[in-house]
Amino acid sequence: MTRHLKKKILERAAQILGDNDRLASLLEVDRHALELWLSGRATLPERVFTDAMELVLQDDIARAAQDRRAQPRLPEPIRAAV
């Protein structure tokens with residue numbers, strides 16, 4: 001999996017929780033380590049990525065359950081990481 005995608009997952013998880021401090025607490029990691037991962041200067045451990053991904057998916061599922069549109073959303077085109 002690309003570093004770019006992992007970074008986006010971490011960014012989205014922090015956005016869901018409100019800030020990096022809350023994400024670091026939830027993931028049970030040091031804030032400094034989280035900032036290194038977000039900046040791309042350190043490799044994200046698989047456990048941390050999996051936990052962040054679970055948070056993002058849970059939020060997405062909760063949002064989908066509240067979606068009252070009659071037609072499903074059309075997916076956005078997938079863009080290659082630059």
Colleague: Would a 4.5 Å heavy-atom cut-off, applied to side chains only, mark Leu27 and Leu10 as touching?
Modeller: yes

Colleague: If hydrophobic clusters are built by linking Ile, Leu, Val, Met, Phe, Trp and Tyr wherever their side-chain heavy atoms come under 4.5 Å apart, do Val48 and Leu36 end up in the same one?
Modeller: no

Colleague: Do you know the tightest heavy-atom contact between Glu28 and Arg47?
Modeller: O-NH2, 4.2 Å

Colleague: Closest heavy-atom contact between Ala13 and Leu23?
Modeller: CB-CD1, 3.8 Å

Colleague: Nearest 0.5 Å please: distance from the CG atom of Leu44 over to the CG atom of Leu38.
Modeller: 8.5 Å

Colleague: Which distance, rounded to the nearest 0.5 Å, do you find between the NE2 of His4 and the CD of Glu11?
Modeller: 8.0 Å

Colleague: How many angstroms lie between atom CD1 of Ile9 and atom CH2 of Trp37, to the nearest 0.5 angstrom?
Modeller: 15.0 Å

Colleague: Please report the closest heavy-atom contact between Ile16 and Val56, naming both atoms and the distance.
Modeller: CD1-CA, 3.9 Å

Colleague: Less than 4.5 Å apart, side chain to side chain, heavy atoms only: is that true for Thr43 and Arg3?
Modeller: yes

Colleague: Taking side chain to side chain donor-acceptor pair (under 3.5 Å) as the cut-off, I'd like each qualifying pair that reaches into residues 13-27, sequence neighbours left out, listed once.
Modeller: Arg12-Gln15, Asp21-Arg31

